[in-house]
Amino acid sequence: MIKIYDLPEPVEFEWDKGNIEKNLIKHNVSNSEIEEVFINTPLLFFPDPSHSSEEEKRHGALGRTHTGRMLQVIFTIRKNKIRAISARDMSRKERQFYEEAKRNSEIQE
């Protein structure tokens with residue numbers, strides 16, 4: 001299910017010291033690329049209940065960087081800031097879903 005979440009305005013990020021380089025090392029995704037996903041359109045959100053808890057709800061986003069790299073980002077919102085938990089290139093299935101959702105929506109790039 002795709003859902004629109006109310007993101008904090010302005011969009012700000014919180015980078016955890018223990019997590020700041022994890023996505024770069026593991027998936028070759030920089031923090032600036034993660035931030036780009038949240039300011040580019042189209043951007044699709046989905047809930048991540050299997051990794052959420054009562055204390056912290058996790059969400060996912062499918063979007064693009066300025067260079068067109070298609071990423072999936074798992075995040076939470078803490079103190080009105082986005083905290084990226086993981087980021088990686090979209091899978092083939094996610095890319096197909098993203099492109100189909102883009103074609104079937106009124107979202108304009």
Side-chain angles (χ1 to χ4, degrees):
M1 166 179 36
I2 296 298
K3 184 176 178 181
I4 300 299
Y5 290 91
D6 291 326
L7 292 177
E9 286 288 335
V11 175
E12 292 185 56
F13 293 83
E14 175 182 86
W15 297 105
D16 180 288
K17 287 181 183 178
N19 206 18
I20 199 161
E21 293 182 352
K22 181 183 82 171
N23 294 302
L24 185 61
I25 293 166
K26 194 170 183 181
H27 299 290
N28 199 33
V29 179
S30 70
N31 292 340
S32 60
E33 287 178 301
I34 293 169
E35 292 179 4
E36 290 172 11
V37 165
F38 286 89
I39 58 173
N40 288 325
T41 59
L43 179 61
L44 303 177
F45 293 103
F46 57 92
D48 186 11
S50 63
H51 296 103
S52 293
S53 67
E54 289 269 334
E55 299 82 35
E56 181 174 86
K57 302 293 183 213
R58 291 193 179 182
H59 317 280
L62 300 176
R64 292 181 182 213
T65 65
H66 295 336
T67 62
R69 185 175 182 187
M70 300 171 78
L71 297 178
Q72 183 234 55
V73 179
I74 301 298
F75 69 99
T76 191
I77 297 177
R78 288 187 184 167
K79 298 178 186 170
N80 237 14
K81 294 182 181 178
I82 295 170
R83 181 176 176 274
I85 296 165
S86 69
R88 61 167 173 74
D89 290 305
M90 285 185 211
S91 67
R92 182 181 332 185
K93 189 174 182 178
E94 289 165 337
R95 284 192 310 271
Q96 290 170 343
F97 179 81
Y98 180 82
E99 292 298 336
E100 184 69 24
K102 187 171 73 170
R103 279 192 297 276
N104 292 332
S105 72
E106 295 178 11
I107 298 172
Q108 300 296 314
E109 289 191 68

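Numbers for residues simply follow the sequence, beginning at 1.
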Q: So, using salt bridge (Lys or Arg N to Asp or Glu O under 4.0 Å) as the criterion, who are the partners of Glu100 when residues are at least two apart?
A: Arg103
Q: Between Ile20 and Phe13, is there shared hydrophobic-cluster membership here, with clusters defined by ILVMFWY side-chain heavy atoms closer than 4.5 Å?
A: yes
Q: Could you tell me whether the side chain of Val37 reaches within less than 4.5 Å of the side chain of Leu43, counting heavy atoms only?
A: yes
Q: Mind checking the CH2-NZ spacing from Trp15 to Lys22? Nearest 0.5 Å is all I need.
A: 10.5 Å
Q: What's the separation between atom CD in Glu33 and atom OG1 in Thr67, rounded to the nearest 0.5 Å?
A: 6.0 Å
Q: Please evaluate residues Lys81 and Glu35 with respect to the criterion salt bridge (charged side-chain N to carboxylate O under 4.0 Å, His left out), reporting the C-alpha separation (whole Å), side-chain torsions for both, the decisive distance (0.1 Å), and the verdict.
A: CA-CA 12 Å; Lys81 294 182 181 178; Glu35 292 179 4; over 6 Å; no
Q: Provide the closest heavy-atom pair for Ala84 versus Phe75 in the form atom of the first, atom of the second, distance.
A: CA-CB, 4.1 Å
Q: Rounded at 0.5 Å granularity, tell me how far CD in Gln72 sits from NE2 in His27.
A: 9.0 Å
Q: Can you tell if the side chain of Ile74 reaches within under 4.5 Å of the side chain of Phe46, non-hydrogen atoms only?
A: yes
Q: Nearest 0.5 Å please: distance from the NE2 atom of His51 over to the OG1 atom of Thr76.
A: 13.0 Å
Q: List the atom of Ser86, the atom of Asn23, and the distance in Å for their closest heavy-atom pair.
A: CA-OD1, 3.2 Å
Q: Using 4.0 Å as the upper bound for N to carboxylate O, is an ion pair formed by Arg78 and Glu55?
A: no
Q: Atom CD of Glu56 and atom CD1 of Ile77: how far apart are they, to the nearest 0.5 Å?
A: 10.5 Å
Q: Quick one: list whatever passes side chain to side chain contact (heavy atoms under 4.5 Å, CB included) with Lys57, sequence neighbours left out.
A: Ser52, His59
Q: Could you tell me if the side chain of Asn40 sits less than 4.5 Å from the side chain of His66, heavy atoms only?
A: yes
Q: Do you know the tightest heavy-atom contact between Tyr98 and Leu62?
A: CE1-O, 3.4 Å
Q: To the nearest 0.5 Å, what is the distance between CD1 on Ile82 and CD1 on Ile85?
A: 11.5 Å
Q: Would you list the pairs meeting salt bridge (Lys or Arg N to Asp or Glu O under 4.0 Å) in which at least one residue belongs to residues 82-96, sequence neighbours left out?
A: Asp16-Arg83, Arg69-Asp89, Arg88-Glu94
